[in-house]
Asks: 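I'd like to ask you about the structure that follows.
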Amino acid sequence: MSDLQSKYILQTAGFDARFPNTNQTRHCFQNYTDYFKCIAAKGEDYAPCKQFKRAYNSLCPNEWIAKWDEQRENGTFPASLEP
């Protein structure tokens, strides 16, 4: 196994029974909001929050993440991120 393979482990988000269909748009958005709710409640160093981040990074297109990050910074994000 090369050094690169041992350094990085590629994983995708696991099955979530709340989102059984092949369209994962809602799953993507839910993980994004859950991550920011989690870090607001527990802090960025809380390890379980990182699972939400890994999931939304795996499921969501980068353009969506960039747009949502910009909306959060501007205070125009369409969902509540309060825990």
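Computed from heavy atoms alone, side chains included, the values below leave out hydrogens, waters and symmetry copies.
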Asks: Any chance you could pull the hydrophobic cluster mates of Ile39, using side-chain heavy atoms under 4.5 angstrom and chaining through other members?
Replies: Phe29, Tyr32, Tyr35, Phe36, Phe52, Tyr56, Trp64, Ile65, Trp68, Phe77, Leu81
Asks: So which atom in Lys50 and which in Glu44 form the shortest heavy-atom distance, rounded to 0.1 Å?
Replies: CE-O, 4.0 Å
Asks: How would you list all residue pairs meeting disulfide bond (SG atoms under 2.5 Å apart) that involve residues 39-81, not counting sequence neighbours?
Replies: Cys28-Cys60, Cys38-Cys49
Asks: Tell me, yes or no, whether the heavy-atom count around Gln71 atom CD, taken from other residues, nucleotides or ligands under 6.0 Å, exceeds 12.
Replies: yes
Asks: I'd like to know whether CG of Asn74 has more than 12 heavy-atom contacts from other residues, nucleotides or ligands below 6.0 angstrom.
Replies: yes
Asks: Please determine whether a side-chain nitrogen of the Lys or Arg among Asp34 and Lys37 lies less than 4.0 Å from a carboxylate oxygen of the Asp or Glu.
Replies: no
Asks: Just how far is it from atom CZ of Arg26 to atom CG of Asn31, taken to the nearest 0.5 Å?
Replies: 10.5 Å
